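Since the structure comes first, as C-alpha cells, the remarks are kept for the end.
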Amino acid sequence: MSLKIRFKVIAAEIIVKSTTLKHHTKYFLFLLIIAILNGCGSDSKDYTQHKKQLFTFGTLVDISILDNNSQRANQAIDSISSEFDRLHTLWHPWNDGALGKINQKVSTHSAPVIPPSIIKLIEKSKEFSTQSDGLFNPAIGQLIKLWQFDQLDNEEHIFQLPPTDSIQLLLQKNPQMSDIQLSLNNDNDYILHSSNPSIALDFGAFAKGAAIELMMTNLKNQKIYNALINAGGDLKVLGSKGDRPWRIGIKNPDYLLNKSSQPILAAVDLNNEESLFTSGNYERFFEYQGHHYHHIIDPRTGYPTSGTRSVTVLTKDAGLADAASTALFIAGPENWPRIARKMGIDSVMLIDEDNRIYLSPAMAERIELLTDTQPIIIKL
Ligand code: AMP
Ligand code: MG
C-alpha cells in the first residue's frame, strides 16, 4: 500500500466545496487560487477547455469540457445547464414543481402521478435506504423541514430549535421509503401510494449526484468524453484533463471555519467516470445559543448527527457516491465500514469530531494527504 503524506502546493485542478451563499466570498478566493495554479500547469495541446458556472441545486456548479470542437462543447454546456435547472425545479421538495406537489398530496392521502425521473429517484432511494439500514432516509422530509434547513439561504430567517415533542411525534410516525409503493393507473402512469401520511420526500442527500450522473450520460450521448462537473465540491469526471488525470483537492474544513490557513486537506487523481462526494457538518448549519446545528439528520434520533466531521466517498456512480457519503456520515466512526460494505463502497475517508482521519485501504491507495495527521487505516 502506498500512502503518501506530504506538504506542498498542488499545481493542478483544485476543487473546493462551498454550498452556502455565505461562503461565496471564500469560494471566489479559491477560484482565484485555482486560476493561478491552473495557469502554472500545462493544458493539453489537443483540446480546448470550455467552461461555464451556474447556480443551481443551491450551489455553484462548474462545468468544464475538453473538446476540440467548440460548437459541440458549447451546445453540450447549454443543454446540460438547462437540464440542471429543469431537474432542480422538478425535484425541489417544497416549491411548486413535481416533487413539491407530490409532497403536498401525500400528506392529504391522495395518490399523485409520478414523473419518470422521480420514479428513478424513489426506486434508487429505496435500495440505498435498505442497504444503509435506514440511515439514508429521504422519507424524513418533514423532519428536515422542522429543522428549517430549507431556510439556510434566507438571511432574514431567525433560527429556533424545533420543539422536542414535534421531533418525537415524527419519530413515532417513523416515515420510511418502504412505506411507499408505486403502481400503474389506467392511463399507464405511475402513481404513488403511501401507507404513512407523515412521509415527505427530500432528496437533498442524493439529488445532486443523481443529476450529475444523468448529465454525464447526456454528455457522452453528445460525444463528449473529457469533462468535469463540479457541484460545489461534489463531482464526477469523464476521461482526463488532456495528458493528465483530473486532479481534485478536498477542502480543509478548518480553513472554511477560519481555523487554518491551509485550504486543501488532500488531493486525488480521478480516472474516467469516477465521482468524489463529500458530506460535512460545516457545509450547511445554523448557530443557536452557541451551538452548531448542521443539516445531516440521524433518522433514529431526529437530531443532527454527532461524531463525524466529514465523509468523502470515491466511486463511479455519482448518485451512489452522494447517498453513501450522507449514510456513512450518519453511520459515524464506529459503523461506517459495515455500511460501506453493504452499499458496495470501497474508497472512503472519514474525519471524526476529534479530527482523526480514517481511510479504507482502497482510499489510502488513491489519496494524497496534505496534513501531518497520521491516518487510521480500517479494513472493510
Ligand atoms: P449531503 O450534503 O449530500 O450529505 O445531504 C444533506 C441533505 O440531505 C440535507 O440538507 C437534507 O436535505 C438531506 N438529509 C438530511 N439527513 C438525511 C438523511 N438521514 N437521509 C436522507 N437525506 C437526509
Ligand atoms: Mg449526499
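Because the structure is a prediction, the values reported are computed rather than measured. Order of listing sets the numbers, starting from 1, for every ligand and every atom in it.
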Test your reading of the structure: does D202 have an N or O sitting under 3.5 Å from an N or O of ligand 1? yes
Only pairs at least two apart or in different chains count here, so list each salt bridge (charged side-chain N to carboxylate O under 4.0 Å, His left out) that has a residue in residues 302-331. D254-R309
Shortest non-hydrogen separation from Q176 to I199 and the atoms involved: O-CD1, 3.3 Å
Do the side chain of H157 and the main chain of D150 share a donor and acceptor less than 3.5 angstrom apart? no
Ignoring waters, protein N/O/S atoms under 2.8 Å from the Mg ion (ligand 2) are A205 O, D322 O, D322 OD1, T326 OG1
I330 versus ligand 1: do any nitrogen or oxygen atoms come within less than 3.5 Å of each other? no
Is it the case that the side chain of D354 and the backbone of R356 share a donor-acceptor pair, with hydrogens and angles ignored and the cut-off at 3.5 Å? no
Electrostatic pair R366-E274, nearest N-O below 4.0 angstrom: yes
Return each pair, listed once, that meets ring pair (Phe, Tyr, Trp, His ring centres under 6.0 Å) where at least one residue sits in residues 298-331; pairs must be two or more places apart or across chains. W147-Y303, H294-F329
Quick one: side-chain contact (heavy atoms from CB on, under 4.5 Å) partners of S195, sequence neighbours excluded? D179
Geometric N/O contact F136 with ligand 1, under 3.5 angstrom: no
Below 4.0 Å from ligand 1: does a non-hydrogen atom of P138 turn up there or not? yes
So, regarding S325 and ligand 1 (criterion: nitrogen or oxygen to nitrogen or oxygen, under 3.5 Å), is there a contact or not? no
M215 with L90, same ILVMFWY side-chain cluster at under 4.5 Å: yes
Atoms of ligand 1 less than 4.0 Å from D322 heavy atoms? 3 (O)
L135 heavy atoms, cut-off 4.0 Å: which ligand 1 atoms fall inside? 18 (C), 19 (N), 20 (N)
Salt bridge or not for E123 and K120, using N-O below 4.0 Å? no
Number the atoms of ligand 1 from 1 as they appear, then name those within less than 4.0 Å of a heavy atom of P299, with their elements. 19 (N)
Of all the atoms in ligand 1, which lie at a distance below 4.0 Å from a heavy atom belonging to T326? 1 (P), 3 (O), 4 (O), 5 (O)
Does a salt bridge link E83 with R86, judged by any charged N lying under 4.0 Å from a carboxylate O? yes
For ligand 1, which atoms sit closer than 4.0 Å to a heavy atom of S279? 1 (P), 3 (O), 4 (O)
What atoms in ligand 1 come closer than 4.0 Å to a heavy atom of N137? 18 (C), 20 (N), 21 (C)
No-hydrogen, no-angle side-chain donor-acceptor test under 3.5 Å, N196 and S194: no
